[in-house]
Asker: 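Please find one structure pasted underneath; my questions will follow.
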Amino acid sequence: MQYRPLGKTGWKVSEISFGTWAIGGSWGKVDDRESMAALHAAIDAGVNFLDTADVYGMGRSERLIAQLKRERKEQIVVATKAGRKLPAQTVAGYTRENLTGWVEESLRNLEADCLDLLQLHCPPTDLYYKPEVFDCLDDLVTAGKIRFYGVSVERVEEALKAIEFPRVQTVQVIFNCFRLRPSRLLFEQTRKKQVGVLARVPLASGLLT
């Protein structure tokens, strides 16, 4: 396994990580025993970075990760996401109360005192023009609820706007052989700002497997 620095976080993470959407059960019936076996196999192979979200099985994947961390001694970095519990994606839904509540629920699911990395989960584009949302995230860092925060985006333009906020540490963006646009301007800017990049759906949701 190869490892790379993740932005300015100080972490060196495996180039291949484990995405946990499927083990939450959102893609069909899954067996938790098989999910745990897959997680252990990933750690055995040198994976040390897991990506999850509070809506993957409505906490199921986070709880499986908590079990994994109880059973392993290796350092495992966990990135989770928040925002998709809103009934409709509106900027108005990203209140201090909601953000704090989502973080507290993920902390309980992950049996953690502090989240390693919290990512806003593909929020509306207009959110990136609302600095008060990022001020709230800054306060959660100060309060010791999250170590770092980043964003998961649908569009390159959203990522470029997000990294204007100085404490955005990571950007998760779709990147595969069908979606190469991030490798141009976005990757140039993330290198300049030392923002970590997480490539999502690298296999195009299975199309490339």
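Because the structure is predicted, anything quoted here is derived from the model rather than measured.
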Asker: Does the side chain of V78 reach to within under 4.5 Å of the side chain of K69, using non-hydrogen atoms?
Answerer: yes
Asker: Taking atom CZ as the centre, does R70 end up with more than 12 heavy-atom neighbours from other residues, nucleotides or ligands that are less than 6.0 angstrom away?
Answerer: yes
Asker: Using the side chain to side chain donor-acceptor pair (under 3.5 Å) rule, take E62 and T52 through it: C-alpha gap first, then chi angles, then the decisive distance, then the call.
Answerer: CA-CA 7 Å; E62 290 181 326; T52 189; 5.3 Å; no
Asker: Kindly give the heavy-atom pair with the smallest separation between R60 and G24, and that separation in Å.
Answerer: CD-O, 3.4 Å
Asker: I need the single residue from V156, V195, L160 that forms a side chain to side chain contact (heavy atoms under 4.5 Å, CB included) with Q189. Which is it?
Answerer: L160
Asker: Would Q172 and D51 count as having a side-chain donor-acceptor pair, cut-off 3.5 Å?
Answerer: yes
Asker: Taking atom CZ of R4 as the centre, report whether more than 12 heavy atoms of other residues, nucleotides or ligands fall under 6.0 Å from it.
Answerer: no
Asker: Do N109 and D54 have side-chain heavy atoms sitting under 4.5 Å apart?
Answerer: no
Asker: Would you name the heavy atoms of V77 and D116 that are closest together and state the gap between them?
Answerer: CA-OD2, 3.5 Å
Asker: Is the shortest side-chain N to carboxylate O distance from E188 to K193 below 4.0 Å?
Answerer: no
Asker: Step by step, work out the side-chain contact (heavy atoms from CB on, under 4.5 Å) result for R167 and L137.
Answerer: CA-CA 9 Å; R167 296 183 76 175; L137 294 173; over 6 Å; no
Asker: For A53 versus S61, what's the shortest heavy-atom pair and its separation?
Answerer: O-OG, 3.8 Å
Asker: Starting from L198, can I reach I16 by hopping between I/L/V/M/F/W/Y residues whose side chains sit under 4.5 Å apart?
Answerer: no
Asker: For T9 and L6, indicate whether the former's side chain and the latter's backbone hold a donor-acceptor pair under 3.5 Å.
Answerer: yes
Asker: Looking at side-chain heavy atoms only, is the closest gap between L120 and V133 below 4.5 Å?
Answerer: yes
Asker: How about Y128 and F165: are their ring centres within less than 6.0 Å of each other?
Answerer: no
Asker: How far apart are the closest heavy atoms of N176 and I174, and which atoms are they?
Answerer: ND2-CG2, 4.0 Å
Asker: I'd like to know whether NZ of K12 has more than 12 heavy-atom contacts from other residues, nucleotides or ligands below 6.0 angstrom.
Answerer: no
Asker: Any side-chain donor paired with an acceptor under 3.5 Å for Q89 and Y94?
Answerer: yes
Asker: Is the number of heavy atoms from other residues, nucleotides or ligands within 6.0 Å of CG (L208) greater than 12?
Answerer: yes
Asker: Minimum heavy-atom separation for L64 to S35, with atom names?
Answerer: CD1-CB, 4.0 Å
Asker: Does the gap between the ring centers of F49 and W11 come in under 6.0 Å?
Answerer: no
Asker: Tell me every residue that passes side-chain hydrogen bond (donor to acceptor under 3.5 Å, both in side chains) with Q169, counting only those two or more places apart in sequence or in another chain.
Answerer: none
Asker: Just do the side-chain contact (heavy atoms from CB on, under 4.5 Å) check on R147 and V141 with the steps written out, would you?
Answerer: CA-CA 6 Å; R147 290 184 177 86; V141 172; over 6 Å; no
Asker: Assess whether a salt bridge exists between E132 and R96, defined as any Lys/Arg side-chain N lying under 4.0 Å from an Asp/Glu carboxylate O.
Answerer: no
Asker: ring-ring contact (aromatic ring centres under 6.0 Å, His included) with F18: which residues, sequence neighbours excluded?
Answerer: none
Asker: So does R179 have more than 12 non-hydrogen atoms from other groups sitting under 6.0 Å from CZ?
Answerer: no
Asker: Does the side chain of S17 come within less than 4.5 Å of L50's, by heavy atoms?
Answerer: no
Asker: Who pairs with S14 by side-chain hydrogen bond (donor to acceptor under 3.5 Å, both in side chains), at least two apart in sequence or on another chain?
Answerer: N48
Asker: For I65 and T20, which heavy atoms make the closest approach, and how far apart are they?
Answerer: CD1-CG2, 4.0 Å
Asker: Answer yes when E154 and R200 have at least one side-chain N-carboxylate O distance shorter than 4.0 Å, and no when they do not.
Answerer: yes
Asker: Is any side-chain N of the basic residue among K85 and E105 closer than 4.0 Å to the acidic one's carboxylate O?
Answerer: yes
Asker: If the threshold is 4.0 Å, N to carboxylate O, is there a salt bridge linking K161 and E164?
Answerer: yes
Asker: Can L140 and Y149 be said to form a side-chain contact (heavy atoms from CB on, under 4.5 Å), step by step?
Answerer: CA-CA 10 Å; L140 287 165; Y149 65 81; over 6 Å; no
Asker: Which is it for L118 and K81 under the side-chain contact (heavy atoms from CB on, under 4.5 Å) test, yes or no, and what are the steps along the way?
Answerer: CA-CA 5 Å; L118 177 74; K81 308 185 198 73; 5.9 Å; no
Asker: Check this for me: does any side-chain nitrogen of one of R72 and D44 sit under 4.0 Å from a carboxylate oxygen of the other?
Answerer: yes
